[in-house]
Undergrad: 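First, the structure itself, so that you have it in front of you.
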Amino acid sequence: MPQPHRPTRPARPPQPQRARRGGGPARRRGDRPRWGVRLAAGLAVAVLGSGAIGHAVMTGLDTGIERVDPFKDMKNRPQAGHGLNFLLVGTDGRDKITRQDRREYRLGGAPCHCTDTVMLVHLSANRQRASVVSLPRDSYAELPAHRDESSGKQHGPHAVKLNAAYAEGGPQLTVRTVENLTRVKIDHYLEVDFSSFMKTVDAMGGVEICTAKALHDKNTGLDLLPGTHRLSGGQALQYVRSRHVDGAADLGRMQRQQRFVAALVKQATGGGVLLNPVKFKEVSSTLLGSVRADRGFGSEQMLALGQAMRDFTPASSEFASVPIGNPSYPVKGIGSTVKWDEPKAAKLFEALRQDRPLAAPSAPGPVRGQAQGQAQGQAQGQSGLRAQQQPAVRVDVPPQQIRVQVENGTRIDGLGGRVDTALRATGFDTTRAPVGGASRNVKRTVIAYDPRWDRSARTVSTALPGSELRAVAGQGRTVLVIAGADYRKVVPVRPEDPYQGQFGVVTGDQVICGK
């Protein structure tokens, strides 16, 4: 279906500093590195790093991808929902890492050939939000009947820790197990290791992070003074692995990982990668040369997603972990496992299937996202500022999920532009290209919409008090606003929060530098 114009947006490159490199005694064998952040990093670079570059730059990059077939002969899979779901797994293999890097970044110890991290990343249908859900590696899981990948032995259903699914049945059993646990259908599979993470960060020229206090961890060698730093691949690995810098242990490490991913997204979408074809190809080649992916994921998919997501910002990303019911659930023959809070987990994964944001909006005020882009703030004018200062009215559909085209139905010069700006300031995904309407005598503002998107139309109507709703069959997902002479203002709106903050979700703009 036809869509309105999508003008490109300017980007802002960061201004970082270099980080200190520290030393320390070798990591203890039991201090296993956890590196979920590098998986999200790989996805961010691969998917977000594709926009506005062009097919020519992408040519030949598929040849470096090692292919797997995680969906072969799978039956009774969950129904597809809305949006796109990636399963990102990280193995603890380290054969490609040099001895020098192993010593410098404390990467000793023997790998278990299992998944150290499993993450679900959901990209919204409008490609303007990414929800990253961490699945604890020790989660209690029940494997379906399968043949052991290493021994060839046939196994019946049995209980394990989630990370054992890969050891017993590789990518396919991992996908089957996660789909059984979450009832979320996986569209693409990506697998990354230590080396991929370090090389990709280095190819990007490092990633900027900031810290309000000194961070020292003798087990990983992390040594950062307060301030802003640009981390190399090895230093970034130290940063996301460290768990002995404060008393928060794994919670503190998770928060640092979230901060790192948000910073990575900011850099990938801020112009340093996207608008530099040479840098983009270098980063993409590095990543794709070491990633394992399903046969349906390649440069064409990356390019299409990147072009659709060129408005993606740190505020568009949200991070959550599965709600835990019992962190030490004993299982005979396995030991202590992490048991999910099943009712809350079910709501979390239902939200992914329904393409709903997990993060509760701040109250009162507009929804986080495009409406809060600092670069757009001054250009939005006083009408946008007034809209953001008003209390927000709760609605069913988040405004950032609604595409809006504005027409000026009057002879008032500039009215279409003012309405477009005010709607965008409140969070709506406007075209930024208002046009003149067929009629110039519209007295009451009209909202024309396809009946299939009636909930979206009601959200727009709430933001434009007194407007008239008009159903137009076959119009498509874009809502048309015909500004009338009665237009006075846009009322800020924000969605209901059916989850009441129970998932502990944070958005990227809450953890990035300066926040």
Side-chain angles (χ1 to χ4, degrees), residues 1-10 52 126-128 307-311 313 366-367 369-390 392-393 395 397-450 453-454 456-472 474-493:
M1 57 191 72
Q3 293 291 324
H5 304 293
R6 288 177 178 265
T8 56
R9 278 75 165 171
N126 63 7
R127 304 297 188 259
Q128 292 176 7
Q307 289 173 336
M309 295 174 64
R310 58 181 176 261
D311 284 333
T313 68
V367 177
Q370 294 173 336
Q372 291 180 307
Q374 289 88 350
Q376 301 169 8
Q378 294 180 351
Q380 287 171 343
Q382 293 302 314
S383 60
L385 294 175
R386 285 195 298 270
Q388 292 188 28
Q389 293 170 355
Q390 301 175 37
V393 179
V395 291
V397 180
Q400 68 266 32
Q401 294 184 14
I402 304 173
R403 186 68 169 167
V404 177
Q405 171 68 57
V406 176
E407 286 186 2
N408 186 353
T410 73
R411 299 183 184 279
I412 304 172
D413 290 339
L415 179 62
R418 292 200 299 275
V419 174
D420 184 285
T421 296
L423 286 170
R424 193 168 190 85
T426 306
F428 290 96
D429 178 23
T430 69
T431 66
R432 286 186 170 183
V435 297
S439 171
R440 290 307 188 97
N441 297 305
V442 177
K443 300 190 182 309
R444 182 183 178 188
T445 298
V446 174
I447 298 171
Y449 67 98
D450 190 312
W453 280 271
D454 60 329
S456 295
R458 287 196 294 271
T459 293
V460 180
S461 176
T462 301
L464 292 167
S467 57
E468 173 190 344
L469 283 167
R470 184 178 298 170
V472 180
Q475 177 172 297
R477 65 176 287 263
T478 300
V479 176
L480 176 64
V481 172
I482 305 173
D486 66 333
Y487 170 76
R488 294 294 179 270
K489 65 178 181 179
V490 170
V491 174
V493 295

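Along the sequence shown, the residues carry numbers beginning at 1.
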Undergrad: Rounded to the nearest 0.5 Å, what's the gap from CZ on Arg470 to CD on Gln475? Could you check?
TA: 10.5 Å

Undergrad: Can you tell me how far apart CG (Leu480) and CD (Glu407) are? Round to the nearest 0.5 Å.
TA: 4.5 Å

Undergrad: With rounding to the nearest 0.5 Å, note down the distance linking OH in Tyr487 to CZ in Arg418.
TA: 8.0 Å

Undergrad: Under a 4.0 Å threshold between the charged nitrogen and the carboxylate oxygen, would Arg458 count as salt-bridged to Asp454?
TA: yes

Undergrad: So, are Asp486 and Arg444 salt-bridged, with charged N and O less than 4.0 Å apart?
TA: no

Undergrad: Going by heavy atoms in the side chains, are Phe428 and Val479 under 4.5 Å from each other?
TA: no

Undergrad: Which pair of heavy atoms, one from Ala457 and one from Tyr449, lies closest together, and at what distance?
TA: CB-CG, 3.4 Å

Undergrad: Atom CG in Leu423, atom CG in Leu464: separation rounded to 0.5 Å?
TA: 5.5 Å

Undergrad: Could you tell me whether the side chain of Asp420 and the main chain of Arg424 form a donor-acceptor pair under 3.5 Å?
TA: no

Undergrad: Taking all heavy atoms of Gly409 and all of Ile482, pick out the closest pair and write down the distance.
TA: CA-CG2, 4.0 Å

Undergrad: Using every non-hydrogen atom in the two residues, find where Gly416 and Val406 come nearest and quote the distance to one decimal.
TA: O-CG1, 3.6 Å

Undergrad: Show the nearest heavy-atom pair for residues Val491 and Pro465, with the distance to one decimal.
TA: CG2-CG, 3.4 Å

Undergrad: Measuring from atom OG1 of Thr478 to atom CZ of Arg403, what distance do you get when rounded to the nearest 0.5 angstrom?
TA: 6.5 Å

Undergrad: Dump the intermediate steps for side-chain contact (heavy atoms from CB on, under 4.5 Å) on Gln401 and Thr459, then the final yes or no.
TA: CA-CA 10 Å; Gln401 294 184 14; Thr459 293; over 6 Å; no

Undergrad: Please give me the minimum heavy-atom distance between Ala422 and Thr426, naming the atom from each residue.
TA: O-OG1, 3.0 Å

Undergrad: Could you tell me which non-hydrogen atom of Asp450 sits nearest to which non-hydrogen atom of Gly476, and how far apart they are?
TA: OD2-N, 3.1 Å

Undergrad: Output the distance between atom CG (Leu469) and atom OG1 (Thr445), rounded to the nearest 0.5 Å.
TA: 11.5 Å

Undergrad: Do Ile402 and Asp429 make a side-chain contact, defined as non-hydrogen atoms from C-beta onward lying under 4.5 Å apart?
TA: no

Undergrad: When you check the side-chain N and O atoms of Asn408 and Thr410, is any donor under 3.5 Å from an acceptor?
TA: yes

Undergrad: Are Arg477 and Asn126 side-chain neighbours, meaning at least one heavy-atom pair lies under 4.5 Å?
TA: yes

Undergrad: Going by atom types alone, do Gln405 and Thr431 pair a side-chain donor with an acceptor below 3.5 Å?
TA: yes

